[in-house]
Amino acid sequence: MKINGTPTRTIWPAKDGWAVEIIDQTRLPHELVNVRLESLADAAHAIKAMLVRGAPLIGATAAYGMALAARANSSDLALTVAYNILHATRPTAINLKWALDQMITALGKVPEDQRMAAAYARAAEICDEDVAINSAIGDNGATLIQAAWESARRARGADRVNVLTHCNAGWLATVDWGTAIAPIYKAHDAGIPVHVWVDETRPRNQGASLTARELNWHGVPHTVIADNTGGHLMQHGMVDLCIVGTDRVTSNGDVCNKIGTYLKALAAKDNAVPFYVALPSPTIDWSVADGIKEIPIEERDAAEQTHMTGKAADGSIVSVQVTPDGSPAGNWGFDVTPARLVSGLITERGICAASPEGLRGLFPERNG
Ligand SMILES: CSC[C@H]1O[C@H](OP(=O)(O)O)[C@H](O)[C@@H]1O
């Protein structure tokens, strides 16, 4: 994506050829700060503390984390330790394990003295692949926005098409383009008058602080709303389409995504609003079927629920407590939307039903 006209990715090799640089997403939307990752520990911290977040970007960062580890020590033992440290950072997005497995496979094929170069090469490929995949997701998903726009214009003489999204599944959740937001960028750039309802997405406010930030940079009309607003908007015909991202899709088509997604899908079903999920194929976990029973749901620090960070009137960035002293808080990071509530899955290979048949139709290599 472009920031002030400059094409910018969320993660990139530093000019010195060995460190890695990222946008520190904990500083957005008010401050744009880049951070250097110089070690395995730096990469693990960046994922765990959510300087980077979003399933594909977590995978990309872990890939470079393995490269930084290999630079320090390329032995089998050291790489196994690095794998385990990175794998333990966050449990839900399957892209983390996918990327780590990709790296271990690539490094296992070469002698120890060639592993550092192989690691940096594979990490760079994973990033470039993510950009291409997400661009294709954007093209495929844009057909849905085009159809929704034509339908809204015919049915009610609409002057815009309204898409609701939850959390951040945009450029900032990937290396570039995003997943759920990629179709929005493609439609907007093609001249379709798309407007986005942006769920703020409590408690970390990825929608308010990240999705709104990137849509603002790209000039896409949008409105930030409280998470509980979507059902009301759907009841009043103000949402033509929902598109969300995901951290893990099962072989049955169940969708794990940011907490609150399931409730949005229920409202969409009740109001006959199409509810689509955008995902790159590394987000499919073919080894699990029942998402509710099998996907680990991350529980994060209660402080993310009891405190909020923002810009004070004097422009300083402050954190405030929004709950009473002593009131416990629960902070589940994700929920699972059963496939029956999903209208379809938007992938780089096309759009399919959220079902075993739909997924295997797009990925026949998974048959048998
Ligand atoms: C394209 S994956 C985006 C996905 O990741 C987010 O979770 P987090 O910000 O905690 O990493 C959220 O579930 C998004 O839908």
Side-chain angles (χ1 to χ4, degrees), residues 1 10-11 22-26 28-29 46-62 89-96 98-99 130-131 133-138 141 164-185 196 198-214 227 242-249 254-265 275-285 291 295-301 304-305 331-337 342 345-348:
M1 293 308 292
T10 52
I11 185 169
I22 59 171
I23 293 173
D24 177 353
Q25 299 190 25
T26 64
L28 292 173
I47 297 170
K48 178 84 176 165
M50 296 179 71
L51 278 68
V52 294
R53 29 61 54 200
L57 182 53
I58 288 170
T61 307
T89 52
R90 296 187 70 191
T92 303
I94 192 62
N95 308 62
L96 175 56
W98 174 86
D130 184 61
V131 174
I133 285 171
N134 298 336
S135 181
I137 289 170
L164 183 145
T165 195
H166 189 69
C167 198
N168 174 257
W171 156 64
L172 289 166
T174 67
V175 177
D176 204 339
W177 280 112
T179 57
I181 311 297
I184 291 168
Y185 288 132
V196 186
V198 177
D199 276 359
E200 61 176 343
T201 316
R202 294 281 293 132
R204 281 190 70 105
N205 300 328
Q206 286 95 326
S209 62
L210 303 179
T211 300
R213 172 72 279 168
E214 61 177 87
D227 291 330
C242 294
I243 308 180
V244 301
T246 176
D247 298 82
R248 192 182 308 211
V249 173
D254 291 346
V255 169
C256 183
N257 196 48
K258 183 55 56 195
I259 194 80
T261 303
Y262 168 50
L263 298 180
K264 214 57 60 167
F275 186 89
Y276 282 87
V277 178
L279 66 131
S281 50
T283 306
I284 303 168
D285 184 351
I295 297 176
I297 300 297
E298 180 181 22
E299 292 184 54
R300 292 186 63 89
D301 188 331
E304 293 181 355
Q305 183 67 46
N331 184 7
W332 287 268
F334 301 91
D335 60 25
V336 176
T337 299
V342 178
L345 301 173
I346 308 167
T347 78
E348 68 271 25

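Atoms within a ligand are numbered from 1 in the order they appear, just like the ligands themselves. FYI, side chains are in, hydrogens and waters are out, and symmetry mates aren't considered; it's all heavy atoms of this structure.
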How far is [atom] from its nearest protein heavy atom, and which residue and atom is that?
| atom | result |
| --- | --- |
| atom 1 (C) of ligand 1 | T179 OG1, 3.3 Å |
| atom 2 (S) of ligand 1 | A55 N, 3.3 Å |
| atom 15 (O) of ligand 1 | N257 OD1, 2.5 Å |
| atom 12 (C) of ligand 1 | C167 SG, 3.3 Å |
| atom 3 (C) of ligand 1 | N168 O, 3.4 Å |
| atom 13 (O) of ligand 1 | D247 OD1, 2.5 Å |

task: List the steps, then state whether side chain to side chain contact (heavy atoms under 4.5 Å, CB included) holds for V52 with I47.
output: CA-CA 6 Å; V52 294; I47 297 170; 4.1 Å; yes

- request: List the steps, then state whether side chain to side chain contact (heavy atoms under 4.5 Å, CB included) holds for Q305 with R202.
  value: CA-CA 8 Å; Q305 183 67 46; R202 294 281 293 132; 3.5 Å; yes

Close approach of [X] to ligand 1, heavy atoms, under 4.0 angstrom:
| X | value |
| --- | --- |
| M50 | yes |
| G54 | yes |
| R90 | yes |
| N95 | no |

task: Taking the side chain as every heavy atom from C-beta outward, state whether T26 and R204 have any atom pair closer than 4.5 Å.
output: yes

4.5 Å side-chain heavy-atom contact, L172 and I181: no

- prompt: Between R53 and ligand 1, does any nitrogen or oxygen pair lie at a separation below 3.5 Å?
  reply: yes

Taking 4.0 angstrom as the limit and counting only heavy atoms of [X], give me the atoms of ligand 1 inside it, by number and element.
| X | answer |
| --- | --- |
| P56 | 1 (C), 2 (S) |
| T246 | 2 (S) |
| Q206 | 8 (P), 9 (O), 10 (O) |

- line: Judged by heavy atoms only, the candidate from R300, Q25, K258, R248 nearest atom 8 (P) of ligand 1 is K258

Please check this pair: side chain of [X] against backbone of [Y], looking for a donor-acceptor N/O pair closer than 3.5 Å.
| X | Y | value |
| --- | --- | --- |
| K264 | D227 | yes |
| T10 | T174 | yes |
| T347 | L279 | no |
| N257 | T246 | yes |

Backbone, side chain, both or neither: what part of [X] comes under 4.0 angstrom of ligand 1, heavy atoms only?
| X | value |
| --- | --- |
| A93 | neither |
| V244 | neither |
| T261 | neither |

- request: Would you sort out whether N134 and D176 count as a side chain to side chain contact (heavy atoms under 4.5 Å, CB included), showing the intermediate values?
  value: CA-CA 7 Å; N134 298 336; D176 204 339; 6.0 Å; no

- prompt: Just checking, is any N or O donor in the side chain of N168 or R53 under 3.5 Å from an acceptor N or O on the other one?
  reply: yes

- request: Before accepting this row, confirm whether a basic side-chain N of the pair E298/R300 lies closer than 4.0 Å to the acidic partner's carboxylate O.
  value: yes

